[in-house]
Amino acid sequence: MNAAPTLAAAPFDAAELAALRADFPILSRTTRSGRPLVYLDSGATSQKPLAVLDAERRFYTEHNAAVHRGAHQLAEEATDAFEAARAAVGAFVGAPAHEVVFTKNATESLNLVAHAFSTSTAYAQRGSAPQGQRVDPRFVLAEGDEVLVTEAEHHANLVPWQELCARTGAVLRWVGVTDDGLLDADALDGLVTERTRVVAFAHASNVLGAVADVARFVAAARRVGAVTVLDACQSVPHLGVDLPALGVDLAAFSGHKALGPSGVGVLWGRAELLEAMPPFLTGGSMIELVRMERSTYAPAPQKFEAGVPMAAQAVGLHAAVDYLRALAPGGRGMERVEAHERALTALLLERLAELPWVRVVGPAAAADRVGLVSFVLEGVHAHDVGQLLDDEGVAVRVGHHCAWPLHRRLGAAATTRVSFGPYNQPSDVDAVLRGLHRAHELFA
Amino acid sequence: MDLYQQLIIEHSKRPHGSGLREPFGAQVHHVNPTCGDEVTLRVDVADDGTVRDVSYDAEGCSISRASASVLHDLVVGRPLEQVQRTREAMHGMLTSRGEDAGDEDVLGDGVALAGVSRYPARVKCALLSWSALADAVLRVRPC
Ligand SMILES: Cc1ncc(COP(=O)(O)O)c(C=O)c1O
């Protein structure tokens with residue numbers, strides 16, 4: 001006898017969706033063509049609910065002060081609000097507060113990690129680590145050590161590693177993409193060698209939509225003691241994600257893609273690893289003791305938060321994760337977000353499959369994707385597709401989406417990407433199809 | 001939408017002077033890093049300063065392809081001084097945010113690109129081949 005299937009979360013119904021959409025005032029504006037806005041570029045940045053805007057405003061109108069400085073009441077309240085945000089954002093991805101570092105965005109988080117390697121390497125070569133900072137061999141690179149990424153990475157998870165290699169003499173390797181637009185995961189085992197020190201990869205591709213087989217990457221990296229770095233930009237806003245449970249060592253995501261404000265991002269890392277990593281940006285707030293000759297540094301996460309931090313934005317991100325969790329009873333909102341976006345993705349894939357002049361890149365099934373679909377219209381450049389969609393009020397992303405090597409591999413100079421948020425509705429897919437038919441008629 | 005004039009669509013579908021040819025005095029490669037559009041452009045200039053040929057290979061949207069096609073029409077057979085004035089007129093129109101409709105006597109079919117100036121994200125597409133031309137001319141005739 002089969003066990004009872006667990007009840008799958010359902011997409012939002014029409015009434016739920018209407019109520020949810022009312023929380024996003026921007027969705028009721030019209031565009032220059034006179035048509036209502038259909039926002040399908042949440043993969044680039046999401047729209048923000050009133051709860052987030054209100055939380056930021058309340059911070060400024062009632063509690064604003066420089067965090068971690070001063071002993072007046074406002075400074076205490078601001079610090080409490082900032083630290084409460086750390087705890088809430090950590091809980092949202094299954095992590096304790098002290099493993100959450102606030103950065104300005106995922107790009108900074110990934111650079112922070114790359115610099116931990118080159119700084120540790122310099123400390124080791126020169127014997128110059130600051131007092132209290134042990135130089136961890138996992139972060140020390142020798143000439144010819146290897147950094148492994150994938151050919152599908154966003155530039156944010158590629159360029160910092162190229163630069164790390166340039167600073168240290170390490171060698172960049174990558175897992176390729178097959179002709180079908182899928183990661184060549186079978187090549188992974190051959191690419192992870194005794195020299196591999198870092199394995200950095202996206203949880204979900206911002207172009208292909210494909211969700212990586214994280215367990216497989218982690219197993220390969222563990223076999224040789226390499227540090228795993230997950231780019232979780234396109235997963236955390238769209239799926240329920242428990243970062244520690246994934247088995248990776250470090251992970252980065254941006255608040256602005258998860259209904260939060262711009263200017264705040266996250267680096268999550270296992271506490272033991274964060275302690276082993278040297279600071280990236282240095283200055284105020286991240287120190288323990290400063291003398292003219294040399295200084296010592298605060299424990300993580302403070303060690304990585306130099307200068308007055310983005311408190312209002314962190315408070316806004318706190319409101320965003322609360323909002324997402326509250327979309328279903330018991331704080332299980334992300335299950336419904338995932339189901340909702342997946343249903344929209346399935347609908348879009350189905351409609352695109354009816355058009356012989358559209359080539360979708362990435363996995364064929366919505367079940368293997370997060371809520372985004374990139375495609376090429378035969379004979380029509382993505383810019384022209386985007387312009388005609390814009391004329392329908394539809395906002396999508398066109399270009400290489402900061403994944404130029406991947407586009408080269410796919411043989412496409414540019415693609416058109418539709419990416420969903422919790423607030424999208426089935427009629428948004430109709431609007432896309434109207435624009436695509438117009439583009440095809442005009443240009444093909 | 002006033003962007004996609006019939007003339008633009010025709011130029012983009014059947015671009016004039018497309019393809020790389022010999023002889024040439026200089027070749028340049030320009031890209032638009034925000035969208036990945038690329039153009040390789042060659043110029044051949046006679047001793048008397050007449051542009052004998054502009055040949056190009058453009059990979060991009062309809063606007064950038066049409067603009068390259070118009071460029072070929074406006075530049076081949078003309079003296080460099082006139083080419084410079086045409087280029088300035090084109091640049092002025094494209095960056096005018098809808099204020100300059102362009103002079104048909106100077107820009108010919110190029111006035112069909114006037115609508116581009118209202119779409120700031122597309123101005124670079126239309127300018128790509130013109131910037132490449134300026135660069136290539138500088139290489140044959142350093143000033
Ligand atoms: C997969 C992926 N990684 C990294 C980034 C960089 O995020 P940010 O620009 O917020 O630092 C993005 C966003 O564009 C992304 O989609």
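Residue numbers begin at 1 in each chain, while the letters A, B, ... track the order of the sequences.
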Is H381(A) close to S62(B) at the side-chain level, that is, under 4.5 Å between some pair of heavy atoms?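 No, every pair of side-chain atoms sits at 4.5 Å or beyond.
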
Does the side chain of L3(B) come within less than 4.5 Å of Q387(A)'s, by heavy atoms? yes

Sorted by number, residues from residues 75-112 of chain B in contact with chain A (heavy atoms, under 4.5 Å):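 Those residues of residues 75-112 of chain B which would need a heavy atom under 4.5 Å from chain A do not exist here.
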
Does a donor on one side chain sit under 3.5 Å from an acceptor on the other, for Y4(B) and D384(A)?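 Their side chains do contain a donor-acceptor pair, which is all the 3.5 Å distance test asks for.
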
Strictly less than 4.5 Å between heavy atoms, which residues of residues 398-405 of chain A line up against chain B? Please order them by number.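 If one takes a 4.5 Å heavy-atom cut-off, the residues of residues 398-405 of chain A near chain B are G399(A), H400(A), W404(A).
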
From NE2 (H383(A)) to CZ (R65(B)), nearest 0.5 Å: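 Between H383(A) NE2 and R65(B) CZ, I get 12.5 Å after rounding to 0.5 Å.
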
Contacting region of R397(A) [heavy-atom separation from chain B under 4.5 Å]: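 Answer is neither: R397(A) stays 4.5 Å or more from chain B.
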
For the residue pair R32(A) and R118(B), what are the closest heavy atoms and their distance?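 Answer, listing the atom of R32(A) first, then R118(B): NH1-O, 4.1 Å.
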
